[in-house]
Amino acid sequence: MTRHELPKAYDFRDTESRIYAMWEKGGYFKPHNDPNKPGFDPNVKPFVISIPPPNVTGELHLGHAMFVSVEDLMIRYHRMKGFSTLWVPGSDHAGIATQLMVERDLLKKEEVTREELGRDEFVKRTWDWKHKYGGIITEQIRRLGASCDWDRERFTLDDGLSRSVREAFVRLYEKGLIYRGPRLINWSPGLKTAVSDLEVEYSEEEATLYYFKYMLKAEPSEGYIPVATIRPETILGDTAVAVHPDDARYKKFIGKTAIVPIIGREIPVIADEYVSMEFGTGALKITPGHDPNDYAIAQRHNLPIISVLDQAAKMNENGGPYQGQDRFDCRKNLWADMKSAGLVIKEEKYMTTIPRSQRGGEIVEPMISTQWFVKIGPLAEAALAAVKDDDIKIVPERFEKVYYNWLENIKDWCISRQLWWGHRIPVWYCPDGHMTTGRADPTQCGTCGSKDIHQDEDVLDTWFSSGLWPFSTLGWPDETPDYKYFYPTSVLETGYDILFFWVARMIMDGLEFTGQVPFRTVYLHGLIRDEHGRKMSKTYGNVIDPLIVMDELGTDALRFTLLVGATPGNDMNLSVKKVEANRNFANKIWNAGRFVINAVSSVTSQVSGTNDRSLNTNHWTLADSWIWAKMQKLVRDVERLFQTFQYGEAGRQIYEFLWCDFADWYVEIAKGQMAKDDTRYSTIETLARVLDISLRLLHPFTPFVTEEIWGHLRDSILQSRITNIAADWPEALIVAKWPEPRDLEGWEDAKVADFTLIQEVVRDIRNLRAEKSVAPSKRIAATFAAGQQTALLESQKSVIASLAGLDESQFAIQTSLSSKPKDSVALVIGSVEIYLPLSDMVDLANEKARIEKELAETQSHIERLEKLLGSDFANKAPAQVVAKEREKLAGYKETAKKIKTQLK
RNA sequence: GGGCGUGUAGCUCAGUUGGUUAGAGCGCUACUAUCACACAGUAGAAGUCAGGGGUUCGAGUCCCUUCACGCCCACCA
């Protein structure tokens, strides 16, 4: 069978889609041990991740690329380790975001508002939108190489998940953990809905602090109380003026009556310790309808609550003459009127925190509104305990503190939203106001039997359904085979920015509804910023589009960059340059692979000693032993690093091994070894073995190029006459076995040390040649006086010759020399002296300077080490460490001695 | 106000049980179209590991402290 020549450069465009289709068609993304299929073995360990469901309306951004890279790495690693892996994909209906997008679209295309369409029609249109565009994001996630089980894909509004939501709501309701009532909540006037505390962002901004007079009733001699506010329009909703009980200035006013400016309403002056005497004027206007602190004070003093804003944040009927005005217009007008009335004291610029909507950025108003809440205390306690008791581990650990802090101070969760797109609250009201809920839609009031019932108009916060995600996607509340086998999931991986929004809520919900933690480990990745650490934003124009990056540089390059450039929990700065570097790495893998594959394919005749699948180290050259020892060390290190979630470091080490050890050194030496009959086949075997293992280790990072090359390697091996390669060769790398760390056999350290000396010799000669401007193609003669290393160097003569550009026919290695060869320059490495006949090309004076410089360097090392070894170090440091330093010292001393003889 | 993170080569960053010559990529300098790869190779220059103090035989790594930048949480009008 003839094979096509592999192209010189890796063509990821052609490869990626083909490979992905092959994986999907092969069914490799499915758990190999499926509880729904015959032959299921409950003893096989599952490894499960629920995808953080992207917004169904979303477009792929780097955050998605990050989580897919990390999660796919975890999944692929465990799949290769033999776990029955399941990665559940899906998307989130994203209430507000989606509704807004569809609204905008309708307005643009049909010039129609949702109110004009009506609720049913609007929801239908939104579903149409979802069916049309909902697949885009999942298609884009496939491009990243995500090995999700797409047959188990879920959507937070699909029938099954809607049933989970219903079940969860009813359970909480029945337990008394859900209640409805008027409370002060965050209101978004633009969206006309309540939002939760988490959806409000506070920004430090300059505002105006308005000082004015709160006039007192009765005799004018009693005067006024000065008060300051940032929001004058709320004066209209004041129901008290508060001062500190011990405040000498205002004590006399406590219990008196104040007059609300312009509208003339009478309100009491009260005393409350909350008021700070030092701050502002020391007196506080109390607007319980529009300020959380004032609300709390009003509760204590039984004050009435007056709302002055409507849903669009315009002044309502309590706004007196300002009714109908926008909140900011009212502020201006009211202040002007107060000025005319002589009530104004002064205005001051003031830095303060302004609450803004996370979506849209408009100023959020605290408002009294009737909403649904989850009594979160009991849930939070359990969630707190789960992490404290180590049932759940958070990586990196420092986020546990953040998590504790949030849960310890958590407030009830407002779960109702005045939207149309979402899970409608499953509660029905009769004309008498009785509430009825249930797992099925009721036909009559559960209290009075009235058939005249209507469902609550609100929908649930999107995060209510997201909180159930790890188990709702597996079939809960039914005890499905999937749920029983795959739940709890293994790792929850996401950005630290949604620790509260999502992770904490899943933990609370998981414990509440399933009685188990929803996952064992939380792995938090950082946020991606631009190359200078700035947030990526459209206004800055510094957004990197992962789709474009993948088009231009390949998916593997992007994935490797995100995985290797990041530390868990730390933000990462990304630049296209980095991705380019990793595109080069993919190409390096490709070409190293191409070399090995060609070598394997070149073996067309039966090789003796085949079918020996064990390693026969006796036939190995030094380089063979060295690369094998390095390889095994890498396998051990990668395993250790993976176990501790240090994926970046693992990736770096594989990169370094493949590029520096394997490609730069071993492959170069292999070229020579393959030219000789006695080492040809064992060299090809070693090349193939090392490449195979490297590709396996690298596969979770760069799945496409490794799969492609491995496939060619596999074919070439199965077709060649070399059969004694100890490896399993399944049909695809994605399901190949993860390399198991081997025990050390004892010879490794010595071989590595020997090879390191060869590397030093080669490097020093190359260095000298470069320094002396010897043409790289020129082969030069050499004489070695190698002392104890004579046998070693003699055995590596051709390796040294080819790598250092020596002429093997004029290359002598002796134990010692009676005299220094004439017209030569010398190098000294420990006890090895190297003479190169270059003196015709060099200035002898310079040459002397070079040697003197080397001597000086060596002697400084000697001094340093002698000092070190003369100190307490020798007594107190571990013997091994001391011995290592002693060895070094001996080496330097040897070098110095030899150099000195040169100078004579 | 509380908590956390970061500060290592010109740039972007690694460096997890403290081991004595601090690494990578990019960029820079010189050389090389050699038969895996110029998306490459070889060689090189470049760092008082933010400052100070401490623990230790030994500190980029642990402790204290100062400075700079960033983030999160929090009800002071």
Side-chain angles (χ1 to χ4, degrees), chain A residues 6 8-10 202 209-210 227-231 234 242 274-276 278-287 291-296 350 352-353 366 396 398-399 401-402 405-406 409 496-497 499-500 526-527 529 531-533 553 557 561 564-567 569-575 577-578 580-599 640-641 644 646 648-649 652 655-656 660 663-664 667-668 671 763 766-771 773-777 803 805 857 860-861 864-865 868 871-878 880-882 884-885 888:
Chain A
L6 300 176
K8 269 184 147 184
Y10 170 52
Y202 293 87
L209 191 55
Y210 299 87
V227 173
T229 183
I230 285 168
R231 298 185 295 161
T234 64
Y274 169 78
V275 183
S276 145
E278 292 76 34
F279 192 81
T281 64
L284 189 58
K285 64 187 270 309
I286 304 299
T287 322
D291 185 281
N293 297 310
D294 295 5
Y295 182 77
Y350 183 68
T352 188
T353 50
R398 65 172 187 274
F399 283 99
K401 227 184 210 175
V402 181
N405 184 52
W406 187 70
N409 300 296
Y496 65 75
D497 54 330
L499 179 62
F500 306 143
L527 277 29
R529 302 166 165 282
E531 59 185 311
H532 300 294
L553 299 167
T561 307
V564 166
T567 311
N570 284 14
D571 292 353
M572 111 172 254
N573 297 354
L574 182 74
S575 67
K577 285 254 182 215
K578 287 186 191 175
E580 256 170 43
N582 290 319
R583 182 269 320 261
N584 295 353
F585 179 49
N587 192 55
K588 191 76 184 178
I589 299 164
W590 173 260
N591 274 294
R594 215 155 62 95
F595 175 81
V596 176
I597 290 158
N598 289 339
R640 177 178 56 81
L641 292 165
T644 49
Q646 298 180 72
E649 183 60 19
R652 268 185 292 278
Y655 178 103
E656 198 182 298
C660 304
D664 288 348
V667 166
E668 290 309 314
K671 288 173 185 171
R763 260 195 281 257
R766 283 171 173 174
N767 182 336
L768 191 66
R769 290 176 59 123
E771 208 175 301
S773 301
V774 179
S777 53
L803 295 185
E857 269 171 32
S860 84
H861 282 301
R864 182 177 57 80
L865 286 170
L868 178 68
S871 72
D872 261 3
F873 170 77
N875 310 323
K876 301 204 175 174
Q880 248 186 324
V881 178
V882 178
K884 220 169 96 191
E885 297 308 312
K888 277 191 214 163

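So that the names make sense, note that chain A is the first sequence line, chain B the second, and so on, each numbered from 1.
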So what does A/K8 hit on the nucleic acid, given a heavy-atom distance under 4.0 Å: a base, only sugar-phosphate, or nothing?
sugar-phosphate

In whole angstrom, give me the gap between the C1' atoms of B/G27 and B/C67.
30 Å

Nucleotide nearest A/A581 (side chain, heavy atoms from C-beta), chosen from B/C57, B/G19, B/G25:
B/G25

What is the ring orientation for A/F279 with A/Y350, classed by angle as parallel under 30°, tilted 30 to 60°, or perpendicular over 60°?
perpendicular

Select base, sugar-phosphate, or nothing to describe what A/R594 touches, counting heavy atoms under 4.0 Å on all strands.
sugar-phosphate

What is the nucleic acid contact for A/E668, judged by heavy atoms within less than 4.0 Å: base, sugar-phosphate only, or nothing?
base

Nearest non-hydrogen partners of A/K588 and A/D664, listed with the distance:
NZ-OD1, 4.3 Å

In whole angstroms, how far is the P atom of B/G58 from the CD atom of A/E885?
15 Å

A/L527 has an atom CG; how far is it from atom C1' of B/U6, in whole Å?
15 Å

For nucleotides B/A59 and B/G53, find the distance between their C1' atoms and express it as a whole number of Å.
13 Å

Nearest to the side chain of A/K401, which nucleotide is it out of B/U12, B/U20, B/C4?
B/C4

Under 4.0 Å between a side-chain N/O of A/R766 and OP1 or OP2 of B/A43, yes or no?
yes

Phosphate OP1/OP2 of B/G19: any A/K884 side-chain N/O under 4.0 Å:
no

Whether A/R766 side chain and A/L803 backbone form a donor-acceptor pair below 3.5 Å
yes

5'-most contact on RNA chain B: A/S575 or A/L865, nearest heavy atom basis?
A/S575

Heavy atoms only, 4.0 Å cut-off, all strands: where does A/V596 land among base, sugar-phosphate and nothing?
nothing

By nearest-nucleotide position on RNA chain B, the 5'-leaning member of A/E580 and A/E771 is A/E580

Can a donor-acceptor pair be found, under 3.5 Å and without considering hydrogens, that links the side chain of A/N570 to the backbone of A/A566?
no

Considering only atom C1', compute the distance from B/U56 to B/G10 and round it to an integer number of Å.
36 Å

Distance between C1' atoms of B/G47 and B/G41 (Å, rounded):
26 Å

Is there a side-chain contact between A/K876 and the phosphate of B/C57, meaning an N or O under 4.0 Å from OP1 or OP2?
yes

Treating A/N405 as the side-chain partner and A/K401 as the backbone partner, does any N or O pair qualify as donor plus acceptor under 3.5 Å?
no

A/N587 side-chain N/O to B/A40 phosphate OP1/OP2 under 4.0 Å
no

Check the interface with nucleotides 71-77 of chain B: list each N/O to N/O pair with the protein under 3.5 Å, or write none.
unit_1	atom_1	unit_2	atom_2	d
B/C75	O2'	A/N293	ND2	2.7
B/C75	N1	A/N293	OD1	3.0
B/C75	O2	A/Y274	OH	3.2
B/C75	O2	A/N293	OD1	2.9
B/A77	OP1	A/T352	OG1	2.9
B/A77	OP2	A/Y350	OH	2.7
B/A77	O2'	A/A228	O	2.2
B/A77	N6	A/S276	O	2.5
B/A77	N6	A/F279	O	2.7
B/A77	N1	A/S276	N	3.3

If you only use heavy atoms from C-beta on, which nucleotide in B/U20, B/G27, B/C39 is closest to the side chain of A/K577?
B/G27

Look at all strands and tell whether A/A663 reaches a base, only sugar-phosphate, or nothing, counting heavy atoms closer than 4.0 Å.
base

Whole Å only: how far is the CG atom of A/D872 from the C1' atom of B/G58?
11 Å

So what does A/E656 touch, heavy atoms closer than 4.0 Å: a base, only the sugar-phosphate, or nothing?
nothing

Stepwise side chain to side chain donor-acceptor pair (under 3.5 Å) test for A/Y274 and A/D294:
CA-CA 10 Å; A/Y274 169 78; A/D294 295 5; over 6 Å; no

Given side chain to side chain contact (heavy atoms under 4.5 Å, CB included), test A/T352 with A/I230 step by step and report yes or no.
CA-CA 9 Å; A/T352 188; A/I230 285 168; 3.7 Å; yes

Below the 4.0 Å mark, does B/C11 have OP1 or OP2 next to a side-chain nitrogen or oxygen of A/K578?
no

Which base sits across from B/A24 as a Watson-Crick or G-U pair, both distances under 3.5 Å?
B/U12

Under 4.0 Å, heavy atoms only, any strand: does A/T567 hit a base, just the sugar-phosphate, or nothing?
sugar-phosphate

Find the distance A/F595:CZ to B/U34:P and express it as a whole number of Å.
16 Å

Starting at atom CZ of A/F399, determine the distance to atom C1' of B/G3, rounded to an integer number of angstrom.
12 Å

Give the rounded distance in Å between these two atoms: CZ of A/F585 and P of B/A24.
15 Å

Contact class for A/N875 (heavy atom, under 4.0 Å): base, sugar-phosphate, or nothing?
nothing

Here the distance between atom P of B/C37 and atom CD1 of A/I597, to the nearest Å, is 14 Å

Which word best sums up how the rings of A/W590 and A/Y10 line up, parallel for under 30°, tilted for 30 to 60°, or perpendicular for over 60°?
tilted

Whole angstrom is fine here: how far is it from CG in A/D664 over to C1' in B/C37?
11 Å

What does B/A43 pair with, Watson-Crick or G-U, if both distances are under 3.5 Å?
B/U29

Would you say the side chain of A/R583 and the base of B/C39 hold a donor-acceptor pair, judged only by whether the two atoms sit under 3.5 Å apart?
yes

Would you say A/N591's side chain and A/A9's backbone share a donor-acceptor pair under 3.5 angstrom?
no

Report the base-pairing partner of B/C35 (Watson-Crick or G-U wobble, both distances below 3.5 angstrom), or none.
none

Sticking with atom C1', work out how far B/A50 lies from B/G60, rounded to a whole angstrom.
12 Å

Between B/G18 and B/U55, how many Å separate the two C1' atoms, rounded to a whole number?
11 Å

If we take the C1' atom in both B/U20 and B/C49, what is their distance in whole Å?
15 Å

Which is true for A/A592 with a 4.0 Å heavy-atom rule: it touches a base, it touches only sugar-phosphate, or it touches nothing?
base

Go through the steps for A/R231 and A/D291 under the test side chain to side chain contact (heavy atoms under 4.5 Å, CB included), then give the verdict.
CA-CA 10 Å; A/R231 298 185 295 161; A/D291 185 281; 3.9 Å; yes

If I pick the C1' atom on B/C4 and the same atom on B/A77, what distance separates them, to the nearest angstrom?
29 Å

